[in-house]
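For this chain, numbers begin at 1 and follow the sequence in order.
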Amino acid sequence: MTGRVNRYNPNKHTGYIYNIVNGLTCMFKDSDVLDGDIANGYIVEFGLEYDEEMQRKCAKRIRVIDSSNGIYKEKETPKKKPDNNRHRKGCNADKVVKRDKQFEKFARGFMREQKERKRLCQ
């Protein structure tokens with residue numbers, strides 16, 4: 001299988017490989033790397049085997065294919081910003097809408113007064 005090293009922690013001697021084929025992530029240990037040197041962003045070839053110590057399938061027999069740094073996931077999508085209207089700055093259109101609401105309230109009251117005057121005069 002082919003993948004890209006997502007997160008590698010040299011202090012813990014473990015990391016994660018993003019599988020380019022199926023989009024899943026699997027864990028690996030430093031001791032499973034055949035070439036010796038590994039870092040974030042490296043393209044690697046690996047096999048999956050069950051690890052008794054970790055109690056799950058992990059990447060084994062890892063061989064570095066490409067060690068250039070500018071490589072990204074094929075399925076990577078940009079993160080979307082949350083659409084929060086609460087934190088949006090006000091604009092002139094908001095002020096116009098507020099004034100329109102006030103005007104409508106005034107107009108309703110004025111029309112009620114006119115109808116009342118008309119009814120009283122008759």
Side-chain angles (χ1 to χ4, degrees):
M1 291 186 205
T2 307
R4 183 183 74 118
V5 178
N6 250 359
R7 291 176 285 167
Y8 173 66
N9 189 343
N11 298 332
K12 293 185 178 181
H13 303 286
T14 58
Y16 292 91
I17 296 175
Y18 172 80
N19 190 338
I20 294 174
V21 176
N22 61 12
L24 298 176
T25 305
C26 56
M27 191 172 192
F28 72 92
K29 293 188 227 174
D30 254 357
S31 58
D32 297 323
V33 180
L34 300 176
D35 296 341
D37 186 33
I38 197 158
N40 288 334
Y42 282 16
I43 299 295
V44 294
E45 202 170 69
F46 63 97
L48 282 178
E49 290 180 16
Y50 188 78
D51 190 339
E52 293 293 330
E53 186 181 327
M54 293 188 187
Q55 298 290 316
R56 62 175 170 175
K57 283 190 174 183
C58 293
K60 302 284 184 177
R61 301 178 313 278
I62 301 166
R63 184 175 311 260
V64 176
I65 297 172
D66 187 11
S67 60
S68 58
N69 284 337
I71 299 168
Y72 301 98
K73 290 188 250 181
E74 287 182 4
K75 294 182 181 179
E76 190 172 32
T77 56
K79 292 183 180 179
K80 294 181 181 177
K81 292 182 180 178
D83 186 24
N84 292 339
N85 290 333
R86 293 179 294 169
H87 301 293
R88 181 174 60 93
K89 285 186 175 180
C91 64
N92 289 340
D94 293 337
K95 292 175 186 172
V96 171
V97 171
K98 287 178 185 174
R99 288 184 190 147
D100 284 345
K101 288 180 182 178
Q102 291 173 352
F103 178 74
E104 287 173 9
K105 187 176 178 182
F106 167 77
R108 275 189 238 122
F110 180 77
M111 294 306 286
R112 276 191 220 120
E113 286 179 14
Q114 293 300 320
K115 284 181 184 178
E116 232 178 272
R117 283 186 187 167
K118 206 180 223 184
R119 190 176 52 97
L120 291 175
C121 290
Q122 288 178 356

* First locate atom NZ of K115, then atom NZ of K118, and finally report the distance between them rounded to the nearest 0.5 Å. => 9.5 Å

* Structure fact -> When rounded to the nearest 0.5 Å, the distance separating CD1 of I65 from OG1 of T2 is 5.0 Å

* Quick one: side chain to side chain donor-acceptor pair (under 3.5 Å) partners of Y8, sequence neighbours excluded? -> D30

* **K12: side chain to side chain contact (heavy atoms under 4.5 Å, CB included) partners, not counting sequence neighbours** => N9, T14

* Excluding sequence neighbours, so at least two apart, what forms salt bridge (charged side-chain N to carboxylate O under 4.0 Å, His left out) with E45? -> none

Please tabulate, one pair per line, all N/O donor-acceptor pairs under 3.5 Å involving side-chain atoms of residues 105-112, not counting sequence neighbours.
none

* State, with a plain yes or no, whether a side-chain heavy atom of V44 is found less than 4.5 Å away from one of V5. => yes

* To do: Quick one: pull up NE2 in H13 and CG in D32 and give me the separation to the nearest 0.5 Å.
  => 13.0 Å

* Asked: Atom CD1 of I17 and atom OH of Y42: how far apart are they, to the nearest 0.5 Å?
  -> 13.5 Å

* Nearest 0.5 Å, what's the CG-CZ distance between N19 and R4? -> 12.5 Å

* **Test item: E113 and E116 side chains (from C-beta on) under 4.5 Å apart, heavy atoms** => no

* To do: Quick one: list whatever passes salt bridge (charged side-chain N to carboxylate O under 4.0 Å, His left out) with R61, sequence neighbours left out.
  => E49

* **Side-chain heavy-atom pair M1, L48 within 4.5 angstrom cut-off** => yes

* Asked: Which atom names give the shortest non-hydrogen contact between I43 and I20, and what distance separates them?
  -> CD1-CD1, 4.4 Å

* Connected-component partners of Y50 among ILVMFWY, side-chain separation under 4.5 Å -> none

* To do: Return the minimal non-hydrogen interatomic distance between F46 and A59, and the atom names on each side.
  => CD1-CB, 3.7 Å

* To do: Mind checking side chain to side chain contact (heavy atoms under 4.5 Å, CB included) for R7 and listing every partner two or more places apart, or none if nothing turns up?
  => Y16

* Asked: Residues two or more places apart in sequence or in another chain: which of them pass side chain to side chain contact (heavy atoms under 4.5 Å, CB included) with L24?
  -> N22

